[in-house]
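Here's the structure we're looking at; comments come further down.
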Amino acid sequence: MLRIKRLRTRLVLLLFGLLVLVLGAVFVAVYSATDSSANRQARQQLDVGSNVFARLLELRARELSSATQVLVADFGFRDAVASGDLPTIRSALINQSARIGADEALFFDLAGQVRESSRTEVGARIDISAVQPLTQDALLAVIDGRPYLLVEAVVMAPVMVGQVAMAFRLDEALALEMQKLTGLQVSFVTSLDNQVLYRISTLGDTYEPIPNESNNALTIEDESYLGLRNILLEQQGYQVSAELLSPRSEALAIFDLLKQELAIITLIALTLSSLVAMVIAGNLSRPVKQLADSARQIGLGDFSQPVSLPRDDELGLLASSIDTMRQGIAERERQIAHSAYHDPLTGLANVLKVAERLSEGVQAGRKGALIRLFLDAEAEVLTSVGQTAHSRLMVAYAGRLNTVIPTGGLLAYQPGQGFLLVLDGLDVDQAVIASDLLLTALSERMQVDEVKLTLTWLAGIVVWPEQGSDAESLLRQVGIAAADAQPGPARIAVYQAKRDEAYMRRMRLIRDIHFAPQLKELTVVYQPKLDIRTGEVRQLEALMRWTHSELGAIRPDEFIILAEQTGSIHRLTQWMLAAVVSQLGYWIEQGLEMQVAMNLSALDLDNPDFPEQVARILRAQEIPARYIAFEVTESALMNNPAASLQSLRRLRELDIELAIDDYGTGYSSLATIKSLPVQQLKIDKSFVLNLATSSDDLVIVKSTIELAHNMGLKVVAEGVEDADSLSRLQQLGCNVAQGYFISRPLAARDLEQWLQANRDTYRQRELS
Ligand code: C2E
Ligand code: MG
Ligand code: MG
């Protein structure tokens, strides 16, 4: 912007400057031409003037001369001169001078003295200070300090008897006549030894003679003149000069009009040229600015405006190049934008696009639903059909969904997560109905290549604005909802806010449990198992405790499940085994002989190496196998019955005692258990806790004990919280009791003390 302005200003300034220069030169040339021409004219006028002056003097001299000749030729006058008749001479002089208009008429005797004059007073003294020839006939004389033109003639009678002179004063009348004839200012100056004696001038009495040194220009009363000084006489210190001044203003006045016109022409030319310069500059800078604007638009990502300049020069070419570039960038941008917002496999939108659409929807204040449609057990499907077929399947399902989604809905695909669908304007019920229809469509048989499949699809739903106010939470929440969906009646799960908190905690625990062993956040507590018949405690159950650095104590019911889900359970079992075996080693050393039971997970039993690992660690610590026992829940066994059975057999072969834990909570019958290599049955605490009061529980426990005994199994009752329950169990013939009534799970040290303190407690009870 700034650049362009500068370019334009520069162009205008350049053109304007050039013009000013040229016009200035013309102006100066004209001005100096007129000036010198004025000078020339003035000088010419001066030359003419001085010629005229000379002619005038000559003419006057000739007049004087002939008048003088007439006088000296007059017989009467000659006679008067010869006879020395001064009065007659005088009257003749007066008459003759008056006749021809001479200012003085003089008669000289033979000695050259003035004897008579035309002056009125008789015998007037006449002082002739200097005389110098001026023309052929005339002299210039200073008489009584004033300049005169003087003409002489000899009076012969018949010999020379005297002389007559006629004088004509260089006076104001002459000056004015000269001025009239020549148009010059005329002055006569008489000086003695450079002191002005007398001056007359057409410029008035204040006239100052031209200084000797400046014979050219001078200024008088604001008028500039060119001067010329004619020295008429120079003798004995006397000087008479005629000074002519030619006013330059007159000569210059002729050129004034010309100068005015020139000034106007200059002004017009400058204005026009600036306009032209501006137009030219504009012509150049406007398209440049236009192109710059277009380029900026492109830079800002606006590719909609075509760039073109209707001209066939380089700028036009540049414009069309920029336009080609614009189209290229626009196309690439479109491609990039498309791939940024689309899934390459299915060509559907991706999760970014979904997030954008959600943000728009939420901001617009509309309601709507986000639905996730995903394959049940996708990992297994992938493993069984392979990546290629899986991809084709997804493309096929995408196509099928595209034909059934409501108009206006945005369908997206997220690899590994299934499809996401944004539907505006739906509430929960409508979203559930829509999901049901979509699941029905998805659950129909699909054929890809040769493979025909009927897969189970599930759905999670979250709706806004009730359940979420931003895209990120909605996407997270739909994931939480999806995790709740199960094949069968619960195939569509709607997000529930409470689950969100639990979910966040669960995520935290899942993340952290992996590091719990190395952070030393795990501990083991031991709960005594009382042999009801002998009143002795020879068995313990080892239970894990996790104290999270921030969340505090986490119940095993919570973290064991998470560890199982994430596979961390292997690490936990390893840690537990090591901890228990080392504790056993210590106790055996101390002479404390206890059998410690550990709980196993389904995943431990699935691991075919597990029995061998147990054997190795026992051998390494030199602990006889009879010191440990394992508790396994029915459900853990059912997870992978064949592998579990295998593991149990191996453990049993090592001479390790095995127990079925939480008996009664699963569906397995005693008949199934009979086929297992187990020695103990632990009745779940839910049947034992209220044994003292609930006759139903009593019936169940009684029959379980009888049947277990029939199968040669020892029975352990857990959850014994009061003395009544214990004595009932005793009456029912239960072998072992475990519960808070006997002791809560204790740390190893506390347990040792407890054993000390309670050595005889239950023996006495048995006696009683
Ligand atoms: P479980 O194996 O059935 O353990 C017995 C549970 O009953 C323990 O809960 C114990 O503290 C509790 N209990 C004992 N007597 C009473 C009583 O009189 N009243 C009541 N209300 N409860 C009693 P805990 O310690 O919270 O453990 C819960 C479950 O976590 C265990 O059930 C077991 O399945 C699992 N678990 C604990 N430690 C481990 C472990 O190291 N590995 C594995 N895989 N599972 C473990
Ligand atoms: Mg147990
Ligand atoms: Mg139990």
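Numbers for residues simply follow the sequence, beginning at 1. Counting starts at 1 for both ligands and their atoms, following the listed order.
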With the Mg ion (ligand 3) as the apex, the OD1/OE1 angle for Asp662 and Glu718 - to 10°: 140°
Going by atom types alone, do [X] and [Y] pair a side-chain donor with an acceptor below 3.5 Å?
X: Gln680; Y: Glu657; value: yes
X: Asp662; Y: Thr633; value: no
X: Asp684; Y: Ser686; value: yes
X: Gln527; Y: Tyr740; value: no
X: Ser601; Y: Glu564; value: yes
X: Lys682; Y: Gln738; value: yes
X: Asp376; Y: Gln486; value: no
X: Gln565; Y: Arg506; value: no
X: Gln613; Y: Gln574; value: yes

What protein heavy atom sits nearest [atom], and how far off is it?
atom: atom 3 (O) of ligand 1; answer: Asp662 OD1, 3.0 Å
atom: atom 20 (C) of ligand 1; answer: Glu721 OE2, 3.3 Å
atom: atom 37 (C) of ligand 1; answer: Leu543 CD2, 3.6 Å
atom: atom 13 (N) of ligand 1; answer: Tyr740 CE2, 3.8 Å
atom: atom 27 (O) of ligand 1; answer: Pro556 CG, 3.7 Å
atom: atom 29 (C) of ligand 1; answer: Asp557 OD1, 3.5 Å
atom: atom 1 (P) of ligand 1; answer: Asp661 OD2, 3.6 Å

Heavy-atom contacts with [X] under 4.0 Å: which atoms of ligand 1 show up? List them by number with element.
X: Pro745; value: 11 (O)
X: Val720; value: 18 (O)
X: Met576; value: 41 (O)
X: Ser601; value: 44 (N)
X: Glu718; value: 3 (O), 5 (C)
X: Gly739; value: 15 (N), 18 (O)

Which bit of [X] is near ligand 1, meaning a heavy atom under 4.0 Å away: side chain, backbone, both or neither?
X: Lys682; result: neither
X: Gln527; result: side chain
X: Val525; result: neither

CA sep, side-chain torsions, deciding dist, call: Leu393, Leu453, side-chain contact (heavy atoms from CB on, under 4.5 Å): CA-CA 9 Å; Leu393 263 177; Leu453 284 168; 3.5 Å; yes
Nearest non-hydrogen partners of Asp722 and Phe741, listed with the distance: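 Between these two residues, the closest heavy atoms are N-CB, 3.5 Å.
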Test item, Arg545 contacting ligand 1 (heavy atom, 4.0 angstrom):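 Yes, Arg545 has heavy atoms under 4.0 Å from ligand 1.
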Metal proximity, Glu541 vs the Mg ion (ligand 2), N/O/S cut-off 2.8 Å: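 An N, O or S atom of Glu541 is closer than 2.8 Å to the Mg ion (ligand 2), so yes.
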Whether Thr633 has an N, O or S atom under 2.8 Å from the Mg ion (ligand 2):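 No, Thr633 does not qualify, because none of its backbone or side-chain N, O or S atoms lies under 2.8 Å.
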Any N or O of [X] closer than 3.5 Å to N or O of ligand 1:
X: Met544; value: yes
X: Lys685; value: yes
X: Asp604; value: no

Metal proximity, Glu631 vs the Mg ion (ligand 3), N/O/S cut-off 2.8 Å: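 Short answer: no, not a single N, O or S atom is under the cut-off.
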Shortest heavy-atom approach to atom 45 (N) of ligand 1 - which of Asn599, Leu572, Val632: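 Looking at heavy atoms only, the winner is Asn599.
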Sub-4.0 Å protein heavy atom near atom 9 (O) of ligand 1: no
Exercise check, heavy-atom protein proximity under 4.0 Å to atom 32 (O) of ligand 1: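 No, there is none.
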Salt-bridge criterion met for Arg508 and Glu550 (N-O under 4.0 Å): yes
Pair Lys367 + Glu466, salt bridge at N-O below 4.0 Å: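 So Lys367 does not pair with Glu466 through a salt bridge.
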Pair Tyr526 and Trp587, ring centroids less than 6.0 Å apart: yes
Heavy atoms from other residues, nucleotides or ligands near CD of Gln590 exceed 12 (cutoff 6.0 Å):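 Counting neighbours around CD of Gln590, more than 12 heavy atoms of other residues, nucleotides or ligands fall under 6.0 Å, so yes.
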Over 12 foreign heavy atoms within 6.0 Å of NZ, Lys702: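 For Lys702, atom NZ is not crowded (no more than 12 foreign heavy atoms under 6.0 Å).
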Identity of the N, O or S atom of Asp661 lying closest to the Mg ion (ligand 3):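 Nearest N/O/S atom: OD1.
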